[in-house]
Amino acid sequence: MSLDSKIPDGPLAEKWTKHKFNLKLVNPANKRKYDIIVVGTGLAGASAAASFGELGYNVKAFLYQDSARRAHSIAAQGGINAAKNYTNDGDSVFRLFYDTIKGGDYRSREANVYRLAEVSNNIIDQCVAQGVPFAREYGGLLDNRSFGGAQVSRTFYARGQTGQQLLLGAYSALSRQVAAGKVTLFPRTEMLDVVLVDGKARGIVTRNMITGKVESHSAHVVVLATGGYGNVFFLSTMAMGCNGSAVWRAHKKGAFFGNPSFTQIHPTCIPVHGDQQSKLTLMSESLRNDGRVWVPKTKEIAEKLKAGEMKPTEIPEEDRDYYLERIYPSFGNLVPRDVASRNAKNVCDEGRGVGETGLAVFLDFRDAIDRDGVDVIKAKYGNLFQMYEKIVDDNPYETPMMIYPAIHYTMGGLWVDYNLMTTIPGLYATGECNFSDHGANRLGASALMQGLADGYFVIPYTIGDYLADMPYDKVSTEHPEFQKAEKEVKERIDKLLNINGSKTVDQFHKQLGHIMWEKCGMSRNAQGLKEAIEEIQKLREEYWKDVKVLGVNEELNMTLEKALRVADFMELAELMVNDALDRKESCGGHFREESKTPEGEAKRDDKNFAYVSAWEYQGEGKPEVLHKEELVFENVKLTQRSYK
Amino acid sequence: MSWITDTLGSSIGKKLLMSLTGLFLILFLVIHLIGNLSIFSGDGGLAFNSYAVFMTSFPLIKAVSYLLYFSILLHAFYAFMLWILNRKARPVRYAVEHANQNSSWASRSMTLLGSLIFIFLIMHLKDFWWQFKFGGGYEFEIDANGNRDLYKLVILQFQYTYVVIAYLIGLTALAFHLWHGFQSAFQTLGLNHDRYTPAIRFLGILYAVVVPLGFASMPVYIYFFMK
Amino acid sequence: MEKERTYTLKIWRQPNANMKGAFKTYKVEDISPGTSFLEMLDILNDQLSENGEDPVHFDHDCREGICGMCSLFINGRPHGPDEEITVCQLHMRVFKDGAKITIEPWRANAFPVIKDLVVDRSAFDRIVQAGGFISVNTGAAVDANAIPIQKVNAELAMDAAACIGCGACVAVCKNASAMLFTAAKVSQLALLPQGDIERKERAMKMVAQMDAEGFGACTNTGACSAECPKGIDLSVIARMNREYFTAKVTT
C-alpha cells in the first residue's frame, strides 16, 4: 500500500481554500442520514462532535471519563497561539507557520502546518463567541503574551487554565448538541476495538465501564480523538486514564502509525520524589520567562546539598552554573523544551543534580524578585508557586524551585492524510492522537490550537467529502465483523481475568515505563534501543503469564481497565523503540547520541531522514513494515536550529 | 398565573418567600420592641396599655397584623417544605462531618432555631395576645386611662422563674436565627455587592444582638426589680 | 528524609449501586509525608491486590487538581483538611502519624454511589445541557476583538468559570444543594455580553433542571464556597438568584 497524503497542489497559501472548494458536500437534508462515532471528548473530540451535530449529522461520542468536561485537554495551562497580530509586532499566518515548522525541526508537512496557522484565528473568534473568558486588557480587548521563547506575542490565555476554559467552551457546545438530540454521549465507556466492514471503518466495540457490558456501535464513519500515549512511560504529566488503546487497536486493524517515537519531554515539572509516585505535575513553561535555571558548579557542592549540609540559598554566585545562559547566550533560559530538557539531564548525569534523588535542577526566582519585587512575581506566578508549595512543601519565594523534565506530549500518532483520514477508509484521527502538525517537537501553546483546528475547522469539511460517496445504509451490529470483534474483546478480557498471576498491573507498567524512560527517553542510542526491544518483549510475555487482575468484568473494575490499557502499551512501546532505532538522526525531541555536533548538540540529517515514518502492522509477532512519506519543503529553507 | 406557582415552587422561589417573609418579620420585630420599651416609661404602665390598645384597634395596624400572622405561617410552612426537600436531597448521611470548619452553627441550625422560636411564639401569644384579644381567662383590671391593664399581666407573668427562662431561651434562639437570617435574606434576594454586603452583614449581626437583648431586658428587669 | 508514618483508614466499601455498603478498616504503613493522598490509596490498593482483595475504587484522573474527577469526603470534609485543593493535591504531611482517617463518597440523592467511593455526577452534565452554553455554531463567530469586555467583568467571569465540576459544593452542603455549581455557570455567561441574549432562558432552564435532579435548596451557609477547591465566591449564587427573578418577572 502506498501513502497518499492528498496534499492539494497550488501555492501554499491557497491550498486549503482551494481544497475546501474541491471537497464534495453532503446535502443538508441528507446529513441526518449519516451516523458519526467520535471517540474521546477532549478539545479535538468535543469540538468535532459539536460541529458535526450543528451540521446535522447524528453523533455518538464516547469517553472513558464520567463527563466530557474532564478530558486531559483541561490540564493545559499556558495558552493557545493564533496569528491575530493584535499586538502589532509583526506576526502573520506565515510567521506562525514558519515558527511551527521550524520548531518541529522540519519533520512536519508544510501544507498541514500552514492550514493550522490559517485557521488559528478562527479558533480565537469561535472561543470568544462561546464565552471563553480570555485575559483582557483594561480597554476590554484581548491580551496576548509571548510564550515558549516565541519572538512575537501571539498567545491567548485564560489565567493558568487556558486548556480548561477552551475545553469547557467545547464542552458547552457539545452539551448544546446533546440537548438538541444530535449528540448522544457514552460516558465511562471505553473503546476496545474498531470494526471494519468491506475494508471501511464502520464502528467500534466498547466496554461499559460500570456494567462491564461489551457492546458494538455502528456508524458511517469513525473519528478517533483519543489523545496521546505518553503514559507508556508510566510517569508522565498525562492524566492517569490517558492511554493508547484506541490508536493501537486502529493500528492493528490497518491504520499506519506515524512517527511513534516522537515524544515531547517538558522541562519544568516537579521532580519525582519516591517509588510510589503515580504521576508528575507540570508547571507552566512561562516560569522560565523569569526564573533562572542552575545547578552547582561542582559535584562536591551537589553532594553537600543532598546531605543537607548546605542550603541552596547559601551557595555563592561563583559556585552556581547557570548552564542554559552559559551554553545558549542568546536564548538563555528560554531555549525550546527539548533543549532545556536534554541539558537538565546532562548536568544531572554529571552528578550535579540536586534534590533527594539528584534528579532535579534549580529554577531560581531570586533575581526576578530582587528586580521586580515579590508582588509582581506573585501576580504573574502566584498560583504556580502555591501549587509547587502544596506538593513539595518548599516556599519558592525563599528557596529556589526544583524542576526536572517529564514526558508531556506525543507528537507521533496515527498517520493521517491532509483530510485527517488514516489509512483505513472512514477512520479519522484528530488532535494529539494523529501525527500531523508538530513534527518532531511541539511548540508551547500549539497543542490546544491543533486540537481545536482539527475539530472545529478541518474535519467538519473533510468528512463530508468521504460521506458524500457513502450509501445511507447502516450496518447492523449483528454483522459477522462486529460479532468477531466483540468475541475477541471478550476473550481478551477473560484471559486477563484468568491469569491470576503474582504481579500487579502497576508493577508491570512501572517496569515498562522504566525501560522506556531509560532507553527511549530523552536521549537514545542504538544499543540501548536494541536492549529495550528485547526487554519489552520479555516483559510482555511475562505480563500475559503473571499479571494479577482481581475482580470481575461485570462491575466497575479499574484494575481490569488498566490491565487492558497496559497490555496495549506493551505492544505500542516496542513500535516506539523500533521507530527510534530506525531514525538514526537527532531531531526535535528525538535525540540520537550517534548523531550530534562536536559540541554535543542535536544533529539533524535531512538527506536521509526528511520523512515521516509510517508503520504498517503485519500481524502478531511479525516485524512491522516501514513506509516513508518524503517531506517536501518548498516554502521554508531547512536550517539547523541554533539557540546559541 | 402558572408562572407564579412555577416560580414559587422552585427551590429558589421557596427561598424567595422565606426571604421576603423573613425581612417583614425582622421589620416587625423592631417596631414591636420599640413599642414594648414603653414598659420602662415609669408611669405604672399607662403608656404601655394605650400602646396595646392602639396596636389592636387602629385599622391600618390591624390590616398589617393579618399580613404578619400570614407571614409567620408562610415562613414556617415553607421552612417545613424546604426541610423535607433538603432531607430528601441527602438520604444517606456522613459518618464523620466537620461542618464547623466551613460554616457557622447558626446557619446550619436554622430549622432547629426556627422551631424553637415557633414554640416560643405560641407560648408568648398564649400568655398575652390570647388573653388580651380573646379573653383567655385572665380578668383584666382597668388602668387610669380606662384601658385594660396588660402591663399588670406582664409584670405578673415575669415573676415566674420558668417563664423568664423560657423567654430567654426563645430570645437566644431568635438571636442566632437573626444572626444568619438577616444577611441570608439579602443574599437570597440577590442583593450582594462588594461594597454593601459587608455593611449588611455588620447590620445583621448588630440587629441579631441588640433586638433580642432589648426584648430580654424586659423579663429580666421585671423579674429582678419589679415585684 | 522525614520519618515514615502509619495510618488507620476507615473506608466506605460498596460493591455496586444495588448492594448495601459498609465501612471497612485498613492499615497502611511506611507512608512518607510527601506522598499524595491518592498515592497513599494506591499503596493500600497494591496491598489489597497482593492479598487478593478487590482494590478500593475511587475516581481520579489528572492528579493535578483540574479535571475535577477526584471526590472523596475525608475526615468530614470534601477534599480533606486543607484549603482550596482537590484530593489529588492533598498530601499526607497534613495527617499526623497514627491518625485515623475516614473516607466516604460524596453523599447526595443526585449523586448515587456506583461503587465504593465512586459516584455518578451526570446530574451536573444535565444541568449544563439545560442551558449552560451560548448558542453559536462553529464558524458563525465575529472577530474576537469585535466584542470588547470590561476587564473587571472578564475577570469575574473567569473567577466563576474556574469551576471544575467536582461536586464538593454539593457534597458539603447540608442540603446537598447544587446552587454554587449552577450559579457559577449562570454567572460566567451572564457577565459576558456574548451570553446576554440567552440569559433569561438560561437561568430558568438551568434552575429547573437543578431542581429536577433532586438537589436541595440553598440555606446560604457558605460551606460550598468555603470548601470549593477553586474558591468560587458565594456572590455567584446571589447573581443567579437575581438572574432567575428578573427572568421570571420579565418573561
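Chain letters run A, B, ... following the sequence lines, proteins first and then strands; every chain starts at 1.
Under the ring pair (Phe, Tyr, Trp, His ring centres under 6.0 Å) criterion, A:His266 pairs with A:His408, not counting sequence neighbours.
Remark: C:Cys67 SG to A:His72 NE2 distance equals 8.5 Å, nearest 0.5 Å. In this structure, NZ in A:Lys390 is found 12.5 Å from SG in C:Cys88, a value given to the nearest 0.5 Å. Between the CD atom of A:Gln277 and the CZ atom of C:Arg63 there is a distance of 10.0 Å, given to the nearest 0.5 Å. The structure places CD of C:Glu50 at 6.0 Å from CD of A:Gln507, a figure rounded to the nearest 0.5 Å. How far CZ of C:Arg121 is from CZ of A:Arg69: 9.5 Å, rounded to the nearest 0.5 Å. Here the straight-line distance linking atom NZ of C:Lys115 with atom CD1 of A:Ile210 works out to 11.5 Å at 0.5 Å rounding.
In summary, of the residues considered (A:Val128, A:Leu142, A:Asp125), a side chain to side chain contact (heavy atoms under 4.5 Å, CB included) with C:Asn145 occurs for A:Leu142 alone.
By the 4.0 Å N-to-carboxylate-O rule, C:Asp143 lies close enough to A:Lys84 to be salt-bridged with it. The existence of a salt bridge linking C:Asp59 and A:Arg188 is confirmed by a sub-4.0 Å separation between a basic side-chain nitrogen and an acidic carboxylate oxygen. Of the charged side-chain nitrogens involved, at least one lies within less than 4.0 Å of a carboxylate oxygen, so that A:Asp393 and C:Arg93 count as a salt-bridged pair. Under 4.0 Å is where a charged nitrogen must lie from a carboxylate oxygen, and between A:Arg159 and C:Asp159 at least one such pair does.
Interface remark: C:Ser122 contributes no atoms to any contact with chain A (heavy atom separation under 4.5 Å). Contact of C:Val119 with chain A is made through the backbone alone, with heavy-atom distances under 4.5 Å. Of the two parts of A:Glu137, only the backbone, made up of N, CA, C and O, holds a non-hydrogen atom closer than 4.5 Å to a non-hydrogen atom of chain C. Heavy atoms of C:Ala140 lying under 4.5 Å from chain A belong exclusively to its backbone. With a 4.5 angstrom heavy-atom cutoff, C:Val142 touches chain A only via backbone atoms. Both the backbone and the side chain of C:Ile147 come within contact range of chain A, with heavy atoms under 4.5 Å apart. Only the side chain of C:Val118 has a heavy atom closer than 4.5 Å to any heavy atom of chain A. Proximity to chain C is absent for every atom of A:Leu174, based on heavy atoms less than 4.5 angstrom apart. Contacts of C:Ile149 with chain A are made by both backbone and side-chain atoms, with heavy-atom separations under 4.5 Å. Heavy-atom distances place the side chain of C:Asn16, and not its backbone, under 4.5 Å from chain A. For A:Glu554, no part sits under 4.5 Å from any heavy atom of chain C, backbone or side chain. Neither the backbone nor the side chain of C:Gln209 comes within less than 4.5 Å of any heavy atom in chain A. Both the backbone and the side chain of A:Gln276 come within contact range of chain C, judged by heavy atoms closer than 4.5 Å. Using a 4.5 Å cut-off between heavy atoms, A:Gln126 contacts chain C through both its backbone and its side chain. With a threshold of 4.5 angstrom between heavy atoms, C:Ile85 approaches chain A through side-chain atoms but not through N, CA, C or O.
For a heavy-atom cut-off of 4.5 Å, chain A lies close to C:Glu39, C:Asp42, C:Ile43, C:Asp46 in residues 36-46 of chain C.
In terms of heavy-atom pairs under 4.5 Å with chain A, the best-connected choice from C:Gln150, C:His60, C:Met69 is C:Met69. Counting heavy-atom pairs closer than 4.5 Å to chain C, the top-ranked of the candidates A:Thr281, A:Ile124, A:Val178, A:Val549 is A:Val178.
Of the possible polar contacts, none joining the A:Arg136 side chain to the C:Pro148 backbone as a donor-acceptor pair under 3.5 Å is found.
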